[in-house]
*Asks:* 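My structure is below; once you've seen it, I'll send some questions.
For the numbers below, each heavy atom of this structure counts, side chains included, while hydrogens, waters and symmetry mates do not. Both ligands and their constituent atoms are indexed starting at 1 by order of listing.
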Amino acid sequence: MSAAHAAPAWITGRAGALSGIHDVPGDKSLSHRAVMLAALADGVSRIDGFLEGADTRATAAIFARMGVRIEAPADGCRIVHGVGLHGLRAPDGVLDCGNAGTAMRLLAGVLAGQRFATTLVGDASLSRRPMQRVAGPLSTMGVDIRTSDDGTPPLRLQPVATLRGVDHTCAVASAQVKSALLLAGLYAEGDTVVREPRPTRDYTERLLQAFGWQVDAAPGIARLRGGQRLSATDVRVPGDFSSAAFLLVAATVVPGSELVLRGVGLHPRRTGLLHVLRAMGADIREDNTRMEGGESIADLHVRHAPLRGIAVPQAAIPDMIDEFPVLAIAAACAEGATVVTGAEELRVKESDRLHAMACGLAALGVDVRETPGGVVIQGGRIGAGSIDSFGDHRIAMAFAVGGQVATGRVRIVDVGNVATSYPGFDAALRRAGGTLRDAG
Ligand code: S3P
């Protein structure tokens with residue numbers, strides 16, 4: 001491979017105390033959904049705090065390809081000229097979701113109701129991820145949707161005369177599957193009901209309500225009736241807890257640190273890591289708690305604290321589904337063993353995250369054992385070495401945090417996808433006092 005095409009890499013070193021007051025990028029889940037609903041609404045919506053990441057830009061670009069005018073007057077701002085529920089136009093080729101599983105699964109629901117055919121494709125990582133979990137339930141609504149033979153992308157949708165509402169019980173706790181069905185339900189006859197084995201983030205339900213669609217929702221169940229309309233509204237997107245999690249753990253594990261992360265969304269189905277870190281001994285305070293756009297947000301004030309390993313309650317896993325990589329770093333710095341079980345879903349994220357973290361920690365000399373549905377991490381010292389991110393943004397950022405307390409230099413290979421969720425993470429870590437540079 002020529003240098004020009006080599007995947008970017010980072011080298012980290014041991015950091016002094018981390019400090020400062022920091023903002024984190026806009027919430028990824030909400031940014032995707034805000035663009036989608038604004039595009040399907042009647043009227044003009046303004047989105048502030050939009051995540052300028054490759055994933056959410058891919059979603060916006062897809063709606064632009066279907067005739068939606070989307071202005072970007074400033075970073076983090078989008079003005080979306082909604083075309084109404086039936087106003088999208090056929091795109092002139094396949095729709096590329098890049099690395100974004102949320103984009104592909106939620107779009108499957110939206111595109112199910114269109115009067116034109118579409119094909120959704122993704123990058124190498126997304127092309128390996130399971131799509132039958134949305135294609136199967138959507139088929140029961142009458143959607144004509146096909147995956148490739150092994151249930152992975154591309155997703156091919158053909159128009160059908162009518163969609164029927166269904167009462168579906170999800171096999172896995174997945175906000176993406178729930179959302180795909182609810183979005184198809186906008187176009188269906190009758191009621192669509194989605195029941196979950198454990199409650200997941202309810203952003204789709206809440207944003208639909210904000211755009212004027214009546215939804216009956218309670219933890220673990222959502223019901224809506226097709227044939228209503230979405231009315232434009234302005235959306236203020238809070239800081240992404242999943243992005244905040246990296247500096248949160250970094251300040252917890254680097255001795256002498258004390259910093260503030262401003263304006264972080266604290267949705268209860270997203271903040272399992274807060275409870276787990278506190279149970280391990282972390283010192284994290286929520287200041288200036290307020291409600292914004294129906295979401296509780298706060299400034300997180302975190303100080304270094306010694307951690308002890310714990311058995312992570314299985315019930316906490318869905319509430320920290322994206323935070324496992326950085327939890328594994330906290331566990332590697334804790335005294336004693338941290339045991340994660342019941343986390344099979346982590347094998348089908350942007351990478352197999354149980355495997356990726358186990359490989360990386362082992363490469364840095366940490367005592368780690370991968371189990372079918374989890375890991376056992378014996379805390380201690382993180383050593384020097386080279387790790388592969390497997391092209392996964394959160395694995396790369398987690399090891400950048402681990403590198404701040406390692407005994408020597410840690411090289412992290414293939415970090416380009418960090419731009420999907422946290423462009424500028426490297427600069428943010430340096431601003432806080434961290435040690436990280438491009439490997440060149
Ligand atoms: C998301 C749901 C979760 C999460 C992903 C974002 C969403 O995925 O891992 O990063 O925005 O709905 P699953 O629904 O597959 O658990």
*Asks:* Side chains of Ile321 and Arg201: closer than 4.5 Å at any heavy-atom pair?
*Replies:* yes

*Asks:* Do Ser421 and His393 get their side chains close enough for a donor-acceptor pair, meaning under 3.5 Å?
*Replies:* yes

*Asks:* Identify, by atom number and element, the atoms of ligand 1 in contact range of Ala175, meaning under 4.0 Å from any of its heavy atoms.
*Replies:* 12 (O), 14 (O)

*Asks:* Is it the case that ligand 1 has an N or O less than 3.5 angstrom from some N or O of Arg394?
*Replies:* no

*Asks:* Under 4.0 Å between a side-chain nitrogen and a carboxylate oxygen: does that hold for Glu52 and Arg78?
*Replies:* yes

*Asks:* What is the closest protein heavy atom to atom 14 (O) of ligand 1, and at what distance does it sit?
*Replies:* Ser174 OG, 2.7 Å

*Asks:* Of all the non-hydrogen atoms in the protein, which one sits nearest to atom 1 (C) of ligand 1, and at what distance?
*Replies:* Gln176 NE2, 3.5 Å

*Asks:* Testing Arg285, Arg290, Glu286 for side chain to side chain contact (heavy atoms under 4.5 Å, CB included) with Asp299, which one passes?
*Replies:* Arg290

*Asks:* Tell me the protein heavy atom at minimum distance from atom 16 (O) of ligand 1, and give that distance in Å.
*Replies:* Lys349 NZ, 3.2 Å

*Asks:* Between ligand 1 and His32, can you find any atom pair, the residue atom being a heavy atom, that is separated by under 4.0 Å?
*Replies:* no

*Asks:* Could you list which atoms of ligand 1 come closer than 4.0 Å to a heavy atom of Arg105?
*Replies:* 15 (O)

*Asks:* Under a plain distance cut-off of 3.5 Å, with no hydrogens placed, do Arg33 and Thr204 share a side-chain donor-acceptor pair?
*Replies:* yes

*Asks:* Counting only heavy atoms from other residues, nucleotides and ligands, does the tally under 6.0 Å from CZ of Arg278 exceed 12?
*Replies:* yes

*Asks:* How close does the nearest protein non-hydrogen atom get to atom 10 (O) of ligand 1, and which residue and atom is it?
*Replies:* Asp322 OD2, 2.9 Å

*Asks:* Angle class for the Trp10/Phe425 ring planes (parallel below 30°, perpendicular above 60°, tilted otherwise)?
*Replies:* tilted

*Asks:* Near Ile321, which atoms of ligand 1 are under 4.0 Å from a heavy atom of that residue?
*Replies:* 9 (O)

*Asks:* Heavy-atom contact under 4.0 Å between Arg33 and ligand 1?
*Replies:* yes

